[in-house]
Number of protein chains: 2
Amino acid sequence: MKKIVIADDHPMIRGALALSLAATTAFGKIEVLETSTLDELFERLTESGGADLVLLDLRMPGVNGFEGLLTLRARFPSTPVVVISALEDPRLVAEALALGAAGFIPKSTPRHEIVRALNLVAAGEIYAPTHLMGLSMPSATDRVDAEFAQRLSSLTPQQRRVLKLLGTGKLNKEIAYELDIAETTVKAHVSSILHKLNVYSRTQAVVRARRLHLSSFADIAEV
Amino acid sequence: MKKIVIADDHPMIRGALALSLAATTAFGKIEVLETSTLDELFERLTESGGADLVLLDLRMPGVNGFEGLLTLRARFPSTPVVVISALEDPRLVAEALALGAAGFIPKSTPRHEIVRALNLVAAGEIYAPTHLMGLSMPSATDRVDAEFAQRLSSLTPQQRRVLKLLGTGKLNKEIAYELDIAETTVKAHVSSILHKLNVYSRTQAVVRARRLHLSSFADIAEV
DNA sequence: GAGCCAATTGTACTTTGGTACGAGACCGGA
DNA sequence: TCCGGTCTCGTACCAAAGTACAATTGGCTC
């Protein structure tokens with residue numbers, strides 16, 4: 001009995017995906033859970049210790065972009081994640097796959113194609129629509145971004161929080177206050193972050209992280 | 001005899017604008033100069049000490065985005081600038097006006113409307129297409145951005161170069177080497193930049209500057 | 001020439017930032 | 001139970017960042 005979680009804030013999409021899952025044979029018997037928020041998704045996964053597959057919408061209330069995928073991959077590295085997206089930008093596809101997604105399914109995909117995609121993923125393959133793959137030759141910057149995304153995914157949750165605050169230009173002292181930890185600890189985190197991201201200053205870390213479409217950096221809090 | 005400069009890298013656009021200018025009565029007798037690069041524009045303006053009007057394309061070879069407008073406003077504050085753009089994003093309009101543009105004319109504008117716009121500007125009014133104004137209420141962040149853009153425009157050319165390098169995450173030492181000046185001087189510039197931008201760390205300066213769509217920050221140099 | 005401003009540099013200083021090493025607490029898995 | 005990883009924190013140290021003050025140069029304008 002495989003456990004599959006659909007995480008999408010739109011009930012209609014969830015329903016459509018559930019239908020496709022029902023038509024997918026490769027998983028055998030399945031149990032489908034639906035969540036409409038990221039927090040709920042993590043609750044479910046934490047309770048049950050992961051799942052056999054997660055269908056994750058890129059755009060969810062609270063956290064948009066790749067933040068969710070990043071966190072998901074960090075906390076449940078062994079759980080395959082298929083990204084569902086309304087956008088069909090080839091760069092998004094490349095980025096999602098670089099972050100360890102097992103597939104990328106645009107919402108416009110016809111159902112029989114979705115079923116085929118899920119069967120592929122069930123078999124351990126990686127699915128992405130061909131028309132979004134060939135065109136975007138992995139350029140130099142894309143590869144750099146992908147590598148950086150990989151590094152980003154190696155951050156621990158707390159380190160990600162620190163990086164998020166770094167991204168607003170805050171001082172170590174301010175970060176310490178906001179997270180209610182000692183400044184020493186913040187320094188330890190920052191130091192570790194810099195090593196993991198392979199940069200040598202907080203400013204570089206922020207600049208590089210901002211290049212990815214992480215929601216954490218899309219909406220900077222007021223000063 | 002009013003001196004008007006058209007700065008656009010596309011000859012066809014320059015021609016169309018020149019025609020519209022010829023049909024504009026409010027300026028009286030005019031002399032029209034055309035330039036295809038930003039550098040050439042600045043040469044002309046420096047020679048003649050400004051102009052009575054500049055029609056500036058947002059996208060020019062070398063420097064895209066608002067960089068040119070920013071520099072123009074900084075070096076020739078008394079010269080009115082009308083922004084010409086192929087893009088019609090309301091946010092671009094708001095930003096251009098915040099930076100002191102006297103008008104915003106999309107390239108899709110019909111000629112009679114362009115003439116009307118130029119007449120308005122000649123009369124000291126500010127022109128922007130109504131369909132790009134009403135929708136984007138000046139939100140809180142927009143106002144913050146506009147204020148920050150104002151501050152940005154107060155930077156000197158050299159300070160702008162330093163900020164650009166700051167935006168790539170470089171150390172003072174590296175910036176000094178690239179600009180071939182002493183690290184002390186870089187520090188002096190950075191310090192001045194921070195004051196002018198009203199922030200207290202380089203990282204904040206970078207984060208805030210990147211929120212604007214300045215080309216300097218669009219294409220980060222290789223590491 | 002006087003005055004203004006950008007740019008440059010120096011010295012000296014304080015504050016942040018970042019590294020290195022060690023260590024205790026907690027937690028989940030083997 | 002032991003092991004590994006995360007989070008925590010301290011001390012100590014060095015490098016980078018940032019400030020303050022002062023001074024020189026050069027170009028510009030009035």
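Every chain is numbered from 1, with letters handed out A, B, ... down the list of sequences.
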Could you check whether A:Thr184 gets within reach of a base, just the sugar-phosphate, or nothing at all, counting any heavy atom under 4.0 Å?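 Base: the residue A:Thr184, judged by heavy atoms under 4.0 Å, touches a nucleobase.
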Atom pair [atom1] ([X]) and [atom2] ([Y]), whose distance is rounded to the nearest 0.5 Å:
X	Y	atom1	atom2	result
A:Lys3	A:Glu31	NZ	CD	5.5 Å
A:Leu21	A:Ile30	CG	CD1	5.0 Å
B:Leu194	B:Lys187	CG	NZ	12.5 Å
A:Lys164	A:Gln159	NZ	CD	15.5 Å
B:Asn172	B:Thr184	CG	OG1	10.0 Å
B:Leu163	B:Ser192	CG	OG	11.5 Å

### Message
At less than 4.0 Å, is any side-chain N or O atom of B:Thr156 found next to OP1 or OP2 of C:dC5? Yes or no.
### Response
no
D:dC9 phosphate, OP1 or OP2: any side-chain N/O from A:Thr185 under 4.0 angstrom?
yes
If you check the A:Ser201 side chain, which of D:dT19, C:dG18, C:dT19 turns out closest?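 Per side-chain heavy atoms of A:Ser201, the pick is C:dG18.
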Spacing between [X] atom [atom1] and [N] atom [atom2], to the nearest angstrom:
X	N	atom1	atom2	answer
B:Gln158	C:dA7	CD	C1'	7 Å
B:Lys170	D:dA17	NZ	C1'	17 Å
B:Arg202	D:dA17	CZ	P	4 Å
B:Arg160	C:dA6	CZ	C1'	13 Å
A:Leu155	D:dG5	CG	P	16 Å
A:Lys187	D:dT11	NZ	C1'	11 Å
A:His189	C:dG17	NE2	C1'	16 Å
B:Leu165	D:dA17	CG	C1'	16 Å

Of A:Val32, A:Ile105, A:Leu118, A:Asp8, which is the lone residue that meets side chain to side chain contact (heavy atoms under 4.5 Å, CB included) with A:Leu55?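 With A:Leu55 as partner, A:Val32, A:Ile105, A:Leu118, A:Asp8 yield a single side chain to side chain contact (heavy atoms under 4.5 Å, CB included), made by A:Leu118.
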On DNA chain C, more 5' by nearest nucleotide between A:Leu194 and B:Lys196 is B:Lys196
Under a 4.0 Å heavy-atom cutoff, the residues of residues 171-183 of chain A touching DNA chain C are A:Leu171, A:Asn172, A:Lys173
Task: Between the first and last five pairs of the helix from C:dG1-D:dC30 to C:dC27-D:dG4, the angle of the axes, rounded to 10 degrees - done: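 Here the helix ends are tilted 40° relative to one another.
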Exercise. Do other residues, nucleotides or ligands put more than 12 heavy atoms under 6.0 Å from B:Lys196 NZ?
Worked result: yes
field: Check ion pair B:Lys173-B:Glu183 (N to O, under 4.0 angstrom)
entry: no
